[in-house]
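Following: one structure in structure tokens, then a few remarks.
Numbered from 1 within each chain, the chains take letters A, B, ... in sequence-line order.
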Amino acid sequence: MVSNVDTLLDSSRIEAFRSALLAWYETHQREMPWRGSPDPYAVWISEIMLQQTRVDQVRPYYDRFMKRFPTVEALGMASLEEILKAWEGMGYYARARNLHRAAGQIVERHEGKIPDNPAQISVLPGIGPYTAAAVLSIAYGRDCPVVDGNVVRVLSRLFHLTDDPAAAAAKKQMAALAERLLVTGRAGDFNQAMMELGATVCTPRQPDCGGCPVSSFCLARRELPDPSVLPRKQPRKQRPHHHVAAGIVRRGDKILIVRRPMDGLLGGLWEFPGGKSEDEAAMEEFLRNDLKRKLGIEIRVGRVLATVRHAFTHFEMTLHGYDCTYHGGEARHRDGNECRWIRFEDYEQYAFPRAHIRLIETMKESEGSPQPASATQSELSAQSGPSTKNLPNA
DNA sequence: AAGACGGGGGT
DNA sequence: ACCCCAGTCTT
């Protein structure tokens, strides 16, 4: 589509485009705590948090995180456990693990200063092409164009690009166009303006072309009845649905939690032990066998304390939380996962996956939280039946 | 090139 | 119910 691209790429039109975009950004940008004074550390943290995560979700996490870890040195001193706890609920926990490693490297190799050049910043864990360009342009004013999901969408429509943006050739083309349009000397503003435009005006569905400052430059607007068909979206597979049994295993006034391995899903987080069951009808038996096999403990499985539905990107899960009582064994995980007996009220000191948090909240609401050892079996069974009140679509 | 990796909000 | 997000890393 060279001819399409050329339509906009003459210097006077590019200048007009830049002026319109920057003028719009000046008056329409949203308030964000990391804007204003470009502290490289603040920019770095915000950009990591903003990976695949919306501004409004990041905001409260960012404020708490910066209060807790105000500098690279503070972050470098922190344990992974502290950082994961601060990250709890935001997802993509590899970001927190990479932040922990990167902070250590920045303190040790760069005297606590975020690198200001592509070669050094790009090798830090968790910093890919987008984040490198974002930090370098916003914090250091370097002329590096960013290409994120917003920019891909804006450019696809602006230039009527119909290729799959996931393809290598399309990525190259996007990068070249962003580079060509970039306002030299104001790269940070330009990049943020493009992203802000994509996030608030040139949205995936029902873009506000009437409110767009650069609609007169937009080829999709001119040539298509509906610009929102771009960028070309590829067909998605449907997600499988799994049933997971988790045991809230009581031993006196303690309950058992197990830490997930560092790599993989929800890496480094704590959870109630259990696993995926093929047979939804035989969850209790599965759970008893599963904890025997993985942890070497004997349990008695009681009633369902709470049931939670939870959607991940690539699968869906119904999490069944069972009231269990301990009946012997050492609680040593066969794969070496750390096991810990904690008091129920101490769970807030550990980072849990969202689904397990909701399990805990549901148990507390229904007064089905694990009872002190003094409670008899009859007292427990006298309580209300399985709680499914937080189970959407059930 | 494709898949793994969370969670929330918009439509 | 489905879409997709201020992406990165691994295979």
What contact category does A:Met90 fall into here, base, sugar-phosphate, or nothing, at under 4.0 angstrom with non-hydrogen atoms? base

- Using a strict cut-off of less than 4.0 Å between a Lys/Arg side-chain nitrogen and an Asp/Glu carboxylate oxygen, indicate whether A:Lys85 and A:Glu88 qualify as a salt bridge. yes

Q. Contact class for A:Met32 (heavy atom, under 4.0 Å): base, sugar-phosphate, or nothing?
A. base

Looking only at C:dC3, B:dC5, C:dA6, the nucleotide nearest the A:Arg205 side chain is C:dC3

With the side chain defined as heavy atoms from C-beta on, A:Arg354 is closest, among B:dG7, C:dA6, C:dT8, to B:dG7

From CZ of A:Phe312 across to P of C:dC3 the rounded distance in Å is 19 Å

Tell me, please, whether A:Tyr61 has A:Arg59 positioned over its six-membered ring: NZ or CZ under 6.0 Å from the ring centre and within 45 degrees of its axis?
no

Notebook entry, point to check: Under 4.0 Å: is that the gap between some side-chain N or O of A:His314 and OP1 or OP2 of B:dG3?
Noted result: no

- Less than 6.0 Å separating the ring centroids of A:Phe352 and A:Phe272? yes

Once you apply a heavy-atom cut-off of 4.0 Å, does A:Leu266 come out as touching a base, just sugar-phosphate, or nothing?
sugar-phosphate

Margin query: Rounding to an integer number of angstrom, what distance separates B:dC5 and C:dC4 when you compare their C1' atoms?
Written below: 15 Å

ask   = Taking the six-membered ring where the residue is Trp, are the ring centres of A:His314 and A:Phe312 under 6.0 Å apart?
value = no

Within the 4.0 Å heavy-atom criterion, would you say A:Arg153 contacts the bases, only the backbone, or no part of the nucleic acid?
sugar-phosphate

Exercise. Any salt bridge between A:Arg300 and A:Glu284, counting N to O under 4.0 Å?
Worked result: no

When rounded to whole Å, the CD1 to P distance for the pair A:Ile121 and C:dG7 reads 16 Å

Exercise. Report which part of the nucleic acid A:Arg54 touches: base, sugar-phosphate, or nothing (heavy-atom distance under 4.0 Å, all strands).
Key: base

Assert: residue with more 5' nearest nucleotide on DNA chain B, out of A:Gln51 and A:Ala169, is A:Ala169

Among the nucleotides C:dA6, B:dG7, B:dC5, whichever has the atom closest to the side chain of A:Gln57 is B:dG7

How would you label the contact of A:Gly198 with the nucleic acid (heavy atoms, under 4.0 Å): base, sugar-phosphate, or nothing? nothing

note: A:Arg95, atom CZ; B:dA4, atom P; distance rounded to Å ~ 19 Å

By nearest-nucleotide position on DNA chain C, the 5'-leaning member of A:Gly128 and A:Lys233 is A:Lys233

Between CZ of A:Phe315 and P of B:dA4 the distance, given in whole Å, is 10 Å

| message | Given the structure, check if the side chain of A:Thr53 and the base of B:dG6 hold any donor-acceptor pair shorter than 3.5 Å. | response | yes

| query | How far, in whole Å, is C:dT8 from B:dG9 if one measures between their P atoms? | reply | 23 Å

Notebook entry, point to check: Counting only distance, no hydrogens or angles, is the base of B:dG6 paired donor-acceptor with the side chain of A:Tyr92 under 3.5 Å?
Noted result: yes

### Ion pair check, A:Glu271 and A:Arg259, cut-off under 4.0 Å
no

The nucleotide from C:dC4, B:dG7, C:dA6 with an atom nearest the side chain of A:Pro204 is C:dC4

From NZ of A:Lys237 across to C1' of B:dA2 the rounded distance in Å is 8 Å

A:Gln52 atom CD is separated from C:dC5 atom P, nearest whole Å, by 7 Å

Regarding the side chain of A:Gln206, the nearest nucleotide among C:dG7, C:dA6, B:dT11 is B:dT11

Return no unless some side-chain N or O of A:Tyr93 is found under 4.0 Å from OP1 or OP2 of B:dG7.
yes

How far, in whole Å, is C:dC3 from B:dG6 if one measures between their C1' atoms? 15 Å

Looking at every strand, decide which applies to A:Gly267 at a 4.0 Å heavy-atom threshold: base, sugar-phosphate, or nothing. nothing

Whole-Å distance, A:Gln234 CD to B:dG3 C1', equals 12 Å

query = Heavy atoms under 4.0 Å, any strand shown: does A:Thr131 hit a base, just sugar-phosphate, or nothing?
reply = sugar-phosphate

Separation of B:dA4 atom C1' from A:Arg260 atom CZ, nearest Å, is 13 Å

- Query: Is the Lys NZ or Arg CZ of A:Arg260 less than 6.0 Å from the centre of A:Trp270's six-membered ring, within 45° of the axis?
  - Reply: no

Nearest-nucleotide check on DNA chain B, A:Asp56 vs A:Gly89; residue mapping nearer the 5' end is A:Gly89

By the Watson-Crick or G-U definition, both distances under 3.5 Å, B:dG6 is matched with none

